[in-house]
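Atoms within each ligand, like the ligands themselves, are counted from 1 in listed order. Here the structure is a predicted model, which is why all the values come from computation and not from measurement. These values consider heavy atoms only, across backbone and side chains, with no hydrogens, waters or symmetry-generated copies.
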Amino acid sequence: MKPDQDSPIFRNGNSLILAYDHGLEHGPSDFEPNPESKDPRHVFEIAKHDAVTCLAVQKGVAETYYPEYEDEVNLMVKLNGNSSLGQREDYYSPKQCSVKYAVEELGAEAVGYTMYAGSDHEDEMWKEFREVQEEARRYGVPVVMWAYPRGHGVENDSEYEGQNDPDLIAYAARLGLELGADVVKCKYPGSREAVEDIISVTGEMKFVMSGGSKRSDEEFISDVENVIEAGGNGLAVGRNMFQRENPEELLDKLEKSIF
Ligand code: FBP
């Protein structure tokens, strides 16, 4: 069963996903610009803002902190992830949590899964994603694919400049539609026109922009507005929120732009 548009992670069809899995993906150095963000409660407090349609965290953070916030925050459990410490021949993001555990034990309203298109481990990740997608359908919760073209298949292709190439991002995004994601989250491809090109191949699936490293309010809002004007559906943002001292000001502005 495909989840309906009434899922709480959508508001007027759009989403602002606050992502806070950086302690796993990048390590505590991401918290240094704003040490308050070391404490998950600080980010759960940010997620109470009306503009935030859900907070995406890993299983351990959800287990410990979500019970205090379940009445005020919608939870997305990120099912896989990888640290920057592990050494592999190519990109792979192992799964740590099932959809069943995320929904039944943690109270998730949605699940997220990273897919590295072009990695030597693509087949393995497709298999894991198949299980995630089919289980999510049984529970009626939306599946968000973090869609990144990364790995030997991408780097070795001389036609492509790498993971920021708009054509490659479009291919990774299209995989989301083909494999049954409800939302695809991609790096900003550089312009409104490039977002339009990507969205032209993603059908009914929703498209949200990935926040990326911290930049000024103006630059950030301009990229988000380009995404919305191109027909996109919002963003998944981490560092541009929790590395700021007053993320509420930016959230107030983004609420107007996205919804
Ligand atoms: P940011 O807005 O900080 O980029 O966070 C969004 C996110 O998808 C996080 O969920 C994740 O930790 C991070 O980006 C991964 O980014 P990358 O793999 O590019 O380092």
Pair E45 + K48: basic N to acidic O under 4.0 Å: yes
Just jot down the ligand 1 atoms closer than 4.0 angstrom to any heavy atom of R239, in number order. 1 (P), 2 (O), 3 (O), 4 (O)
CD (E204) with more than 12 external heavy atoms under 6.0 Å: no
So, are D223 and R215 salt-bridged, with charged N and O less than 4.0 Å apart? yes
Looking at V237, which atoms of ligand 1 are within less than 4.0 Å of one of its heavy atoms? 2 (O)
Should N240 be counted as touching ligand 1, given the test is an N or O pair under 3.5 Å? no
For G212, the atoms of ligand 1 under 4.0 Å from one of its heavy atoms are 1 (P), 2 (O), 3 (O), 4 (O)
What atoms of ligand 1 come within less than 4.0 Å of a heavy atom belonging to E25? 12 (O)
Does K185, backbone or side chain, put an N or O under 3.5 Å from an N or O of ligand 1? yes
E104 and Y139: side-chain donor and acceptor closer than 3.5 Å? yes
Any N or O of R150 that comes nearer than 3.5 Å to an N or O of ligand 1? yes
Nearest non-hydrogen protein atom, atom 2 (O) of ligand 1: G238 N, 2.8 Å
Element-labelled atoms of ligand 1 that are located less than 4.0 Å from some non-hydrogen atom of Y148: 8 (O), 14 (O), 15 (C), 16 (O)
Looking at E122 and K127, does any basic side-chain N land under 4.0 Å from a carboxylate oxygen? no
Let's go through F31 and Y20 carefully: what are the C-alpha distance in whole Å and the side-chain angles of both, what is the deciding distance for side-chain contact (heavy atoms from CB on, under 4.5 Å) to 0.1 Å, and is it a yes or a no? CA-CA 10 Å; F31 307 140; Y20 182 63; 3.5 Å; yes
Decide whether the shortest distance between a heavy atom of K78 and an atom of ligand 1 is less than 4.0 Å. no
Those residues at least two apart in sequence (or on a different chain) that pass side chain to side chain donor-acceptor pair (under 3.5 Å) with E229 are R192
Please confirm whether D21 approaches ligand 1 to less than 4.0 Å, judged on its heavy atoms. yes
Identify, by atom number and element, the atoms of ligand 1 in contact range of H26, meaning under 4.0 Å from any of its heavy atoms. 15 (C), 16 (O), 17 (P), 20 (O)
Polar contact flag, side-chain donor to acceptor under 3.5 angstrom, Y65-E70: no
Tell me which one of H22, M241, K187 gets a heavy atom nearest to atom 5 (O) of ligand 1. H22
Q163-Y116 side chain donor-acceptor pair, cut-off 3.5 Å: no
